[in-house]
Amino acid sequence: MGEYKATIGLEVHAELKTRTKMFCDSINDPEEKTPNVNICPVCMAHPGTLPVINKEAVKHVLKVGLSVGGTLADFTEFDRKNYFYPDIPKGYQISQYKYPLVSGGVLNGVKLTRIHLEEDTARSSHDKGEYSLVDFNRAGIPLMELVTEPVVKTAEEASAFARELQLLLRTLGASDANMEKGEMRVEANISVSTTEKFGTKVEVKNLNSFRTVERAIAYEVDRQSKALERGEKVIQETRGWDEGKQATFSQRLKEESHDYRYFPDPDLPKLKISELKELSEVNLRKGLPELPWEKRVRLIREFGIKPESAEMFIQDEQMGIFFETVARSLGSKASNWKPCFQDTGFSLAENYITSDLAGFMKESGSLGNVIAENFSGIIQMLIDNKISSRGAKEILLVMYQQGGSPEGIADTRGLLQKSDEGELTEIVKKILDDHKNIVMEYKQGKTASLQFLVGQIMKVTKGSANPQLVKSILLKILD
Ligand code: ADP
Ligand code: MG
């Protein structure tokens, strides 16, 4: 039998950041710890109450759609997805079926089917003993659902897609998309086949980290391939992920969409998006920030930095803003500045931020007492040979802990390199006088003697001399 090829399609849910819930004015606060405080008759499904569409949520989804190049719906409506479970007080979830807000689009090379809007369900806990508990704070929080085409081939591709989506949602301010907190939830549909024809798919739910997404997919590909190898059939079902066992387990047989008896919700108006001015494509486009993939290209082109550094600046917004502020201030100092590769200032700033400063930031999550202006000062002093790289590291540490200007710190700590040619020449002459035999050896061809003389000068200046300058003065006098 041939190799089993995996086919994966993803369904991702993300809780949207809005002030209030999807269809009522209860507060949308996923962080609320006290159960059942952000609730009202609408999200508790009291008879006679009516839902009202939250425009902010619609806007978030449309912006995501625009960012991924999807087609925004002009006409859209909400449907009732009927099922019975205590986490859904109405007996149905308001979702979108036939007319999603967004169709198509591509993210991280993966084709999207659709993006629609629905409401989140209540949170139920079944681990309390003889009874179950339901917290309705989450019921009715706006939830975006994004569905991909079955085009993903590997577990790594799937988690890379989820990471890029998380970054996009954060960049747009649409969702905090924290997987551990359940703000972003990934479901993976997985099938294997030896031919071009897709095999039977299995849906795996409850994947609450990128690592779990990868492991669950790898596990399923392996399980399904082995089952087929044994001559068994793959059953279409929904499976969960057991973190302890690092394995998927069967939860229930998959329901078909006709089981849900979808139909347009008669309590909600149909939306004609083009008639809502603030949701027009032109206005939405104006409100789009620079997107992660645009920023990647720009940072590399504008500052000539390494792709890994650009990635760090994109993932950590604070660090990214800091780098750009520093880079711009360095750039504007040079009169002939234009965006170019191999600019010493940019690459020095890049290196000190992604190594030293990133190390400090990892501990505290902040820039400490470092401000961009002072940091640029360190870079400028390095360029001007006023400090050594060792000195720069020491200044940065002091600056992070206590603050202060680079000149001030360098001065009090004796880190300024002597770059005054006249002053250094005097020192060099004295050293040469003291080591006449070494000078002789050098003149007879022992080139290693030069390094010894440089070392002597560094010693008497306590390392404060600029070594390049010392060397050039020495050569000038000796040759
Ligand atoms: P269902 O009607 O069972 O929900 P959909 O057609 O809506 O199925 O697809 C749900 C998800 O499953 C989508 O992400 C889709 O790309 C993916 N999918 C569909 N068929 C397969 C398959 N054979 N293997 C893997 N994923 C699939
Ligand atoms: Mg489906």
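We number each residue from 1, following the sequence as shown. Both counts, for ligands and for their atoms, begin at 1 and track the order of listing. Values below: all heavy atoms of this structure, side chains included; hydrogens, waters and symmetry mates excluded.
- Near E149, the atoms of ligand 1 lying under 4.0 angstrom from a non-hydrogen atom of the residue are 16 (O).
- The environment of K245 atom NZ is sparse: at most 12 non-hydrogen atoms of other residues, nucleotides or ligands sit within 6.0 angstrom.
- Between F323 and F313, the ring planes lie parallel to each other; the angle is under 30°, not in the 30° to 60° tilted range.
- Near V147, meaning under 4.0 Å from one of its heavy atoms, ligand 1 places the atoms 13 (C), 14 (O).
- The environment of CZ in R230 is crowded: more than 12 heavy-atom neighbours from other residues, nucleotides or ligands sit within 6.0 Å.
- Here M312 pairs with M319, T354, A358 under the side chain to side chain contact (heavy atoms under 4.5 Å, CB included) rule; sequence neighbours left out.
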Exercise. Let me see the working for Y97 and Y260 under ring pair (Phe, Tyr, Trp, His ring centres under 6.0 Å), right down to the final yes or no.
Key: CA-CA 11 Å; Y97 187 55; Y260 290 120; 9.1 Å; no

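- Within the 4.0 Å heavy-atom criterion, neither part of T113 lies near ligand 1.
- When the heavy atoms of P150, S191, A6, A188 are ranked by distance to atom 24 (N) of ligand 1, first place goes to S191.
- Using a 4.0 Å cut-off between heavy atoms, E203 makes no contact with ligand 1 at all.
- Proximity to F198 (heavy-atom distance under 4.0 Å) selects the following atoms of ligand 1: 23 (N).
- Under the 4.0 angstrom criterion for non-hydrogen atoms, G199 is in contact with ligand 1.
- Below 3.5 Å of separation, one finds an N or O of N189 facing an N or O of ligand 1.
- Of the residues listed (V68, L66, L172), the one engaging L291 in a side-chain contact (heavy atoms from CB on, under 4.5 Å) is L172, and it is the only one.
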